[in-house]
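Just below is one structure, and these are the notes that go with it.
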Amino acid sequence: MTTPETVLAHGVGGRQDLPITLPQLVVAAALTLVVTFVALGLLWREPRLDRDAVGGRQVPRWLARLIDAPTFRWALRGLGLLAAGWFCVGLLGGPDTTDNPTAGALYVLLWVGLAPLSLLLGPVWRALNPLRTVHLLATLALRRDRDRGIRELPPGVGLWPAAGTLFGFVWLELVAPDRATLPVITAWLAAYAVVMLVGAALFGAAWFDHADPFETYSSLIGQLAPIGRAADGVLVWRNPLDGIAGLWPRPGLVAVVIVLLGSTMYDSLSNAPAWLRFGQENGLHPAATGSGGLVLVIAAVAVAYLLATAAAARIGRADPADARAVPGEIAHSIVPIAVGYVVAHYYSLLILEGQRTVALLSDPLGTGANWLGTADWEPHTGLVTPSGVATLQITVIILGHLVGTLLAHDRALYLFPRARAVAGQLPLLALMVAYTVGGLLLLYAG
């Protein structure tokens, strides 16, 4: 994990906690995907998901008025600024010890906590983002349009900047030396703030949509939320599958989802005994070993994805223009898989270390104060048991791949001639099986 001082693992389950043996689990998971694929081929013959975001049931008017009210939006911005300010108290003035809540606030409450929050409420970080608010306040003070910068954002930039900043964060979280210490966290956050604010000054507020790793992360997961906006901007209750199906291809989208999935898989690998022994015996600096491992795992995930989508386009006999678009068209199917891995890896961490961090946030300066009234909290462990976590991990990983298979199937019915749609999905099925087997083996390798 991000904080080497903590005694908590991402998941407290292990092979000894599984209700069946690991080989049985892997075979069962693979067969589940195959059976699901066959059932979809027989029963799901027409595209059913709303990729144009025209459906959904309008939320009650009072709720829509509340969410869209300027007062409510400014309240959220103020909350984000307040939370960032409190975080900076510990970052800049607190002791550089394990009793400082800074590392837990960044790596657990923000990064891990954003996943379930976005899954329930949508892209919440866009509303809370303190840097976006700082930019807004600056443009108001200067009487400038927040959406206009010094120059136009280059066409086709898409999410490529976000892919880069996202990789920078997962490298910090998983690889960087002394990543739980205040100087390292401060340096990374300072660089992040400079990139975001300078980019916003140059290109306008749209820069955050294209480059902020936390906004991109929250927005992708938020596509699976049961509440969202229809194409006309109206707030609706929706089928989460329709929400994620409405994630249209953009330049860099594939890179973002591959970084998300690959980094989580590397996290499992980095805790495996074989990898730990390799890191100790190869004579390289741990950061060099970790950086190489992170890049290689992400590259392996990317190669598998690109080969599978290229084969799908060829077998499905897509038009040449459609064939080039297949990787981006199928990218949305990777999001629920990545979410499954995030929940599997970080559930116990969020529950246990999250409680500890909230307690520490009551005294960020380490003076013995109890500003938030939480300093005396003791972590409640009732929701985290070895067998319970192991069962949850199995469930969410397999469920994520099943949803991914369903999404890929529905999209293939759009992309390929109907007679070749099922055959064209065979490489995608092989990809899902490979990701599932690889993910389970890595997760329970220890």
Side-chain angles (χ1 to χ4, degrees), residues 26-52 158 223 241-242 244-262 265 297-338 340-341 397-441:
V26 169
V27 171
L31 286 176
T32 300
L33 290 180
V34 172
V35 170
T36 301
F37 172 78
V38 173
L40 289 172
L42 294 174
L43 303 175
W44 193 306
R45 296 176 177 271
E46 300 288 337
R48 299 183 182 182
L49 298 182
D50 181 14
R51 66 179 302 186
D52 296 319
Q223 293 286 143
L241 296 180
D242 288 332
I244 192 64
L247 181 63
W248 282 83
R250 299 173 63 185
L253 174 63
V254 172
V256 167
V257 297
I258 292 300
V259 169
L260 277 177
L261 182 58
M265 286 189 167
V297 172
I298 291 175
V301 171
V303 168
Y305 179 80
L306 294 175
L307 288 177
T309 51
R314 184 177 183 86
I315 295 173
R317 296 179 183 173
D319 293 334
D322 292 336
R324 290 192 296 271
V326 166
E329 290 280 359
I330 301 295
H332 70 300
S333 67
I334 303 299
V335 176
I337 299 174
Y341 281 115
I397 287 178
I398 295 178
L399 181 61
H401 284 84
L402 288 176
V403 173
T405 300
L406 185 153
L407 292 170
H409 171 80
D410 190 82
R411 186 57 55 87
L413 296 175
Y414 278 107
L415 296 174
F416 305 143
R418 201 58 46 84
R420 303 292 300 176
V422 173
Q425 292 174 68
L426 290 174
L428 302 177
L429 173 65
L431 176 71
M432 297 296 179
V433 170
Y435 282 168
T436 303
V437 172
L440 289 172
L441 289 176

Set of ring-ring contact (aromatic ring centres under 6.0 Å, His included) partners for His332, sequence neighbours left out: none
Show your working on side-chain contact (heavy atoms from CB on, under 4.5 Å) between Phe37 and Leu426 and close with a plain yes or no. CA-CA 9 Å; Phe37 172 78; Leu426 290 174; 3.7 Å; yes
How long is the straight-line distance from CD1 of Ile244 back to CG of Asp410, given to the nearest 0.5 Å? 12.5 Å
What's the spacing between Leu261 CG and Ile337 CD1 if we round to 0.5 Å? 6.5 Å
Please answer whether the main-chain N or O of Val301 pairs with a side-chain N or O of Tyr435 as donor and acceptor at a distance below 3.5 Å. yes
List the atom of Leu306, the atom of Pro327, and the distance in Å for their closest heavy-atom pair. CD2-CB, 4.3 Å
Say you draw a straight line from OG1 of Thr405 to CG of Leu33; how long is it, rounded to the nearest 0.5 Å? 5.0 Å
Look at the side chain of Tyr341 and the backbone N and O of Gly262, then say whether any donor-acceptor pair between them is shorter than 3.5 Å. no
Do any pairs count as a salt bridge (Lys or Arg N to Asp or Glu O under 4.0 Å) and have a residue in residues 424-440, sequence neighbours left out, and if so which ones? none
Nearest 0.5 Å, what's the CG-CD1 distance between Leu402 and Ile397? 12.0 Å
Counting C-beta onward and ignoring hydrogens, is there a side-chain heavy-atom pair between Val335 and Gln223 closer than 4.5 Å? no
Stepwise, does the side-chain contact (heavy atoms from CB on, under 4.5 Å) test hold for Phe416 with Arg411? CA-CA 9 Å; Phe416 305 143; Arg411 186 57 55 87; over 6 Å; no
Decide side-chain contact (heavy atoms from CB on, under 4.5 Å) for Gln425 and Met432; before the verdict, give the C-alpha distance in whole Å, the side-chain angles of both, and the deciding distance to 0.1 Å. CA-CA 10 Å; Gln425 292 174 68; Met432 297 296 179; over 6 Å; no
Distance check, rounded to the nearest 0.5 Å: Thr309 atom OG1 versus Arg324 atom CZ? 14.0 Å
Residue pairs passing the salt bridge (Lys or Arg N to Asp or Glu O under 4.0 Å) test where at least one lies in residues 425-437, sequence neighbours excluded: none
Run the side-chain contact (heavy atoms from CB on, under 4.5 Å) check on Glu46 and Leu413 step by step: do they pass? CA-CA 7 Å; Glu46 300 288 337; Leu413 296 175; 5.5 Å; no
Heavy atoms of Leu40 and Leu406 approach each other most closely as CD1-CA, 3.8 Å
Nearest 0.5 angstrom please: Ile334 CD1 to Leu260 CG, how far? 11.0 Å
Within a strict 4.5 Å, meaning less than it, do heavy atoms of the Leu415 and Ile330 side chains meet? yes
Polar side-chain atom of Asp50 near backbone of Gly246 as donor-acceptor pair, under 3.5 Å: no
Determine whether a donor-acceptor pair (N or O, by modelled atom type, separation under 3.5 Å) exists between the side chain of His409 and the backbone of Trp44. yes
